[in-house]
Amino acid sequence: MADLVLGLAKSAVEGTLSAAKSAIEEEEKLKKSMQRDLMLISDEFEMMCSFLNVAKEHATDEMVRTLVRQVRNMALEVEDCIESAVLVDVKKSNWWRRLLLSSCMLAAAATPAAALDDAVTAIELLKSRVEAMGQRNERYMSIVGDSGSKPTTEKTHHKAVADAAAVGILNEARDAKKKHGRPGNLIELIKNIDDALPLQVMSVWGAAGDLGVASIIKKTCDDPEICINFRFRAWVKLMHPFNSHEFIRSLLLQFYTNYCAQKGSASTIDFLEPAEVMIASQDVLIKEFMKHVSDQRYLVFLEDVPRAVDWEAVRVYLPDKKKGSCIVVHTQQLEVASLCIGQSHRVLELEQFSPDHSVFVFFNEAKKKRSRPRNLIDLIKADADHTALRIVSVYKEVDHLEEVSIVNKTCDKNPEICEKFKYRASVNLNLVHPLNLEEFIKILLTQLCANYCPRHGGADDFLKLKGVMDTEGALVKEFAKQVLSNQRYLVFLEDLPTKDDLETVRDFLPDNNNGSCVIVHTKQLEVARLCVRQEHEFLADHSNDIFFDEDENEDETEHEDEERLKMQEAEDWLSQHESEDSEHVGRTADIEDLGANWAGVRSVFGMAGVGKSYIVKYVYYKKVIDRHTSPFEKFGWVDVSHPFNIRDFSWRLLLDLYSGSLQHGSMLRIRDPIQECRRLLKKYACLIVIDGLQSTEEWDSIKTTLAIEDKQDRNRIIVIANEETVASYCSEHWWSVEGLEIDDALELFKRTLTLARTPWSSRSELRPGEIESVKSVLHKCGGLPKVIVAMAKFIAHEGWNPNLDYSFMQMLETDQGFGSLRDLFSWVHSYFQSCPDSLKPCIFYLSIFPANHNIRRRRLVRRWIAEGYSKDSKENTAEEEGGKFFENLCHRNMVQVSGLTNLSYYLTRISSCQVNGFVREYIMSRSMEENLVFALEGHCSANTVHIGRHLTIGSSWDRDMSVYRSIDLSRLRSLTVFGKWESFFISDKMRLVRVLDLEDASSVTDADLSLMVKLLPRLKFLSLRECKEITCLPDSIGGLRQLQTLDIRHTSIVQLPLSINMLLKLQHISAGTTMRIDDHYSTVESLQPAATTTATPSASSLMAPREGHATSLVSSHLWLRRLWARPLPYSYHGGIALPQGIGKMTALNNISVVDVSIAVASGRPILEELKNLTQLHKLGVSGVNWENGRELCSAISGHPHLETLSVWFDTDQGGCLDATSPPPEQLENLDLYGHVGKLPAWIKRLSNLRNVKLSLTMITQDEVDLLKDLPTLNNLCLCFKDFQYGELRFMGLGCFRQLLVLEITCNVRLKSATFESGVMWGLEVLKIHCNNVSSLKFSGLKELPKLREVSLGGSYDGKIKKHLQSQLGEHPREIKPVLKLV
């Protein structure tokens, strides 16, 4: 979390630097000494910025973190002081008094107005504090310098010790050694490896370097028992860069040396001599290497493996022959040591050389799959009942095989074999050489009869044999084959000269998968190897060398072997997870969508822990199991390693595509993994999953190198990413995996409890009180199945812990019961670390808002601007920069979009979001640690430690005044209140507050507002939205000189005071009392009724004095104040009345909603003044009619920056806006509401129009056609009370060509909606909102080629849902559009 602290510090320092420079430039009358002091402050903070950039690499050092925190706090205090200075009053002489007053936080006492000399003293005190901070610069440099000079191993040690995860692993290892008494050294671990187990991998890691590692490896290599068990041993120091040729050469030389040293000169292994190895080509080396490791166990020590990529490169050349071989990896990197072994590993301390240095081993405790046969007898007994015909070859240089006696009638000696194999025979092939099949069959039948055991066989089987023996001619072959097909048989072939003879015999011997076996004896080693499959096991049985198939279930071909292994892997995984079907809760739609059979590239994204990989893996393994009905022939799953390397990626993909083929040595013959991947993707229909893609550059590399096309004919590529930007770049067909809703989360919790089978979970149902407590905790889990399951298992075993709700994140990070979340926390930390520094303060700021609380985009962005997190740049305004920050958080899944469907969220402008509960808890825990955000929730106790820069008061807090007054409010910058407002929330100690957000707060009165304005002069953001009891703004509002945003939407305020004109920095005014223009759905009921009469002030009562009649400027101002103070009648149009002089507020960027009918009736030229507001980007007006329409047209015509225009019409005002010429060229968003029968004709001239929202009384076909040629229209919302002829028809080839989202809000008057061929070819989302609709038909949905999602909401008859399902089922797209009920 140190990077977040640095990000906050950098933001604070940069803000202070900007403030200092601005103060120097803007104030011409500063005393020379003051200018000098501020220049010193500016220079010092510029140096602090540089320090923070350098300190980023050493943020884990406690001293550096402390200094960073001090820099941040000092920067904030200096910024507050300078900002106070620029609050210049009407009289310039008050400048320094205000500076001194704002510096009271430094002197800890407020003083009355002071002289300029006192102000000089205050600024000098501030300067001395900054100088003291500056003197620490030498310490900064010495720390950074010393850290940079340390060797790599020491830096690794410091990082490992500081890392909480590493400390946890090491403590766990030492505790395990004490409690469980595991093997105390590496030798014991290797000795315990069974010779029938798969290849075992162990890794050795030193906590503080390599001390002691070499001695441990040497001791292990020289152990006598290990030397006997592992005849092939090697100790290789890894070369950089890795050279496969030299690596295999080194292994062969050491195998030769160690084997000969043990066996002496009497070696029976055919080795290449060392001199031959040194000059051999790569092909010869690989062939020689594979020949040896196919039959022998090996033990290889790899020294100094620096990266996981290097390990994967080496791993390809060390095949797994299921002989209990072992690889020991030594590395200096803790992460590499863990990755080499895999996720489910154990850690053991081998030796502790000092308190700071120990050597650890990472290993897996593998389970024995089967016991290895000790001899040929055991091998034959081990045959299963339903396996393919098995070939076992025996190499022996003697003429007779003693084990042939097994076929005799030896029930007393080997009853198991006699019972298992009723037909047994031994044939000496020397008697029929050259091989004569007819003679072979006669001898075989004779042997079968002679060895038949009546004790274990029936008379009928024996008579069948006798009958076949009496048969002559060609029929004997067919009859003999038929008889052998009905029984399990055991046949010995003695003295086989060639493999061809075996093939001839094999063509006769049937294979009915009943466990029959053929034992081949040969005097030639090469023949013995060739008789069995390329992959085989080797068994030394006294003087015999026995070769047999590795596993009785394997098929004969490599492709079948891959299929079997992949099938087994899929069955194991599915059997485990389908028996615990709790993880399927709430995932039906995800699984159905991703499970469709289609070719091409598909991307999936979502935050860590949400279950992306689980869902894809479930679909993937289902395809493996159903491979005979699915179109895929090969399956591959590859986890992308980082740093990314395309060659390493290709090797990983091949390892999974070939599956078991690694055991055949196929991988060793591949020289170019990239070309091999391309060959397989071209030859086979492949299902490939790429998990963990982090950047678009990685995808470009994979796509180009492997020649992946967007439109595949057979292959299907699924890409799993965390970020939306990466997923959408890879494919237009993406899928977002979201957190579970609270009901699904609760169901998952309950099922996990039931599966735990503990006393606490044995109860059938949770009690009502427990359900509420559990839901409170589940909200904090953020809908992440991984966290929910871990929480349920913890509670099942430990019982309910009340601290879970109050110390949620602390318990998850520290309690050993949540060890399964360690990788999730690692991801969260690395994710925050990767965020730009400018974004980190914005991330911290999210913790102000409660979990599951809708946060409007504009509200959050404008708060960021007020806090100084988002500033103007050369390219963008502060609003645009904040918008980018917001989208960045959405794309990084830091926030969740609420109230919108998956797809429409990404195709339209994001208007609101929620903070993921888990992310919020994580941020909140860090915010408290850094004294940034303090939340009052539930029941709190009085505590002087309660201090922070941002205070949020939750609706659950008990409003205890004594607790509130114990909080230090002197440094508070923002106050946010949810729920009930109390008058004691405002204090004279809060003079630094710049953000006051009371949105949705209750019990806020006009008197409270007056006190706020009086005590909080530095406010930049003031929101009273939804505070219904507020009826007017006080005249003192004009004293908030720094105010940028004023939000009084949905209050009872109908007019602004004249003093509002003094707020020259005000940029945003949001007002209005009835119409909610920010709502996602516009309902038919929201249309205002036509007003028969509109009460407005008389023109004479509001007439301003003519020029020349005012006696003085002062008297004129007083007259205007008295006049404007008279209350206006209630406006039926939902807007507010503006005061005269609003045109001077040239900084206004957004103003809505203005009731222009009042201005016209009173004779005030408000619409004329709007022309002066040239920076307007958004304008909302109500009460528009024929009287004021022309003036409004004149006001907005050609407006250079106007992007959003919202208009509420009076009764039937069609055509009243036609006079707008030219229309605003930059207009992107147009919203029209009310009673109008005709749209302005100039709409079709708006070449930049992207979003249109029409909420009107009626629409005709002509109005629809007016919109069809707009070149950039992406989003169209149609909401009408009536439809011409009761239908909507969209027609015209190529019309609405850029439309992505179409929303239709309708009532019973709409009967049908038709889409003709060639229209809306780019439409992806259709949203339908009904109001008591019983019959509605859609036709032509199949004509929308890119339609991906249809959402249906509101009140409607079930027939409409069925009708839509039927229509979408007939859609020609391979991936059918999804119907979502909202």
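The two atoms that bring L812 and V787 nearest to each other are CD2-CG1, 4.0 Å, heavy atoms only. Closest heavy-atom contact between Y298 and S325: N-OG, 3.0 Å. Closest approach of E1349 to P1377, counting heavy atoms only: N-CB, 4.3 Å. The two atoms that bring V619 and L594 nearest to each other are CG1-O, 3.5 Å, heavy atoms only. Nearest heavy atoms, L490 versus I417: CD2-CG2, 4.1 Å. The minimum heavy-atom distance between C730 and L693, with the atom names listed, is SG-CD2, 3.5 Å.
A donor-acceptor pair is defined here as one N or O able to donate and one able to accept, closer than 3.5 Å; no such pair exists between the side chain of R488 and the backbone of F421. Put simply, the side chain of R602 gets close to the backbone of H733: a donor and an acceptor are under 3.5 Å apart. Remark: side-chain polar atoms of E747 are not paired, donor with acceptor, to backbone N or O of D743 under 3.5 angstrom. Looking at T754, its side chain does come within 3.5 Å of a backbone N or O of K750 through a donor-acceptor pair. Within the 3.5 Å criterion, the main-chain N or O of F818 finds no donor-acceptor partner in the side chain of D815. With hydrogens and angles ignored, the 3.5 Å screen pairs a side-chain donor or acceptor of R297 with a backbone N or O of K323. Using a distance-only test at 3.5 Å, with no hydrogens or angles considered, no donor-acceptor pair links the side chain of S203 to the main chain of V329. Of the possible polar contacts, one joining the N715 side chain to the L681 backbone as a donor-acceptor pair under 3.5 Å is found.
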Report task. Kindly determine whether V828 and M607 satisfy side-chain contact (heavy atoms from CB on, under 4.5 Å), including the steps that lead there. Result -> CA-CA 9 Å; V828 173; M607 72 173 293; 5.5 Å; no
Query raised in the report: Under the salt bridge (charged side-chain N to carboxylate O under 4.0 Å, His left out) criterion, do E633 and R714 qualify, and how do the steps go?
Result: CA-CA 10 Å; E633 301 169 274; R714 299 191 303 166; 3.5 Å; yes
Report task. Please report the C-alpha distance between D320 and R315 in whole Å, then the side-chain angles of each, then the deciding distance to 0.1 Å, and finally whether the salt bridge (charged side-chain N to carboxylate O under 4.0 Å, His left out) criterion is met. Result -> CA-CA 10 Å; D320 182 4; R315 175 67 182 86; 5.1 Å; no
Query raised in the report: Where do D691 and K612 land on the salt bridge (charged side-chain N to carboxylate O under 4.0 Å, His left out) test, with the steps shown first?
Result: CA-CA 9 Å; D691 194 0; K612 305 182 299 296; over 6 Å; no
Query - Pair R587-V737, side-chain contact (heavy atoms from CB on, under 4.5 Å): steps then yes or no - result: CA-CA 9 Å; R587 295 307 188 196; V737 179; 3.8 Å; yes
Query raised in the report: Run the salt bridge (charged side-chain N to carboxylate O under 4.0 Å, His left out) check on E676 and R679 step by step: do they pass?
Result: CA-CA 5 Å; E676 182 65 10; R679 185 186 72 82; 2.7 Å; yes
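Side chains of P785 and L748 form a contact here, defined as non-hydrogen atoms less than 4.5 Å apart. Contact annotation: the side chain of I327 never approaches that of Q200 to less than 4.5 Å [non-hydrogen atoms, C-beta and beyond]. Between V638 and F649, the closest side-chain pair of non-hydrogen atoms falls below 4.5 Å. When side chains are defined from C-beta on, E571 counts as touching I625, because their heavy atoms get closer than 4.5 Å. Proximity of I702 to I708: side-chain heavy atoms (C-beta onward) are separated by under 4.5 Å at one or more points. Counting heavy atoms from C-beta on, the side chains of V293 and P319 come closer than 4.5 Å. With contacts defined as side-chain heavy-atom distances shorter than 4.5 Å, the pair L746/V774 qualifies. Between M811 and F794, some side-chain heavy-atom pair lies under the 4.5 Å cut-off.
When each of L706, L657, I688 is paired with L680, the side chain to side chain contact (heavy atoms under 4.5 Å, CB included) condition holds for L657 and for no other.
Under a cutoff of 6.0 Å and an axis angle of 45°, K634 and Y658 form a cation-pi pair. For the pair K623 and W573, the NZ or CZ position fails the cation-pi test of under 6.0 Å to the six-membered ring centre and within 45 degrees of the ring normal.
We find the OG-CD1 distance between S603 and I717 to be 12.5 Å, quoted to the nearest 0.5 Å. Atom CD in E738 sits 8.5 Å away from atom CG in D590 (nearest 0.5 Å). Rounding to the nearest 0.5 angstrom, the gap separating the CG atom in L348 from the CG atom in L189 is 6.0 Å. The CZ atom of F749 sits 14.0 Å away from the CG atom of L740 when rounded to the nearest 0.5 Å. The structure places CG of L653 at 9.0 Å from CG of L655, a figure rounded to the nearest 0.5 Å.
Looking at R652 and D648, a side-chain N of the basic residue comes within less than 4.0 Å of a carboxylate O on the acidic one, giving a salt bridge.
The aromatic rings of W637 and Y620 sit perpendicular to each other, their planes meeting at more than 60°, with 30° as the lower class boundary. Note on ring orientation: taking the six-membered ring where Trp is involved, the planes of F808 and F918 are perpendicular (angle over 60°, cut-offs 30° and 60°).
Annotation: E741, atom CD; neighbour count of heavy atoms from other residues, nucleotides and ligands within 6.0 Å does not exceed 12.
Looking at residues two or more places apart in sequence or on another chain, you find a side chain to side chain contact (heavy atoms under 4.5 Å, CB included) between K191 and I187, E188, D223, E225, I226.
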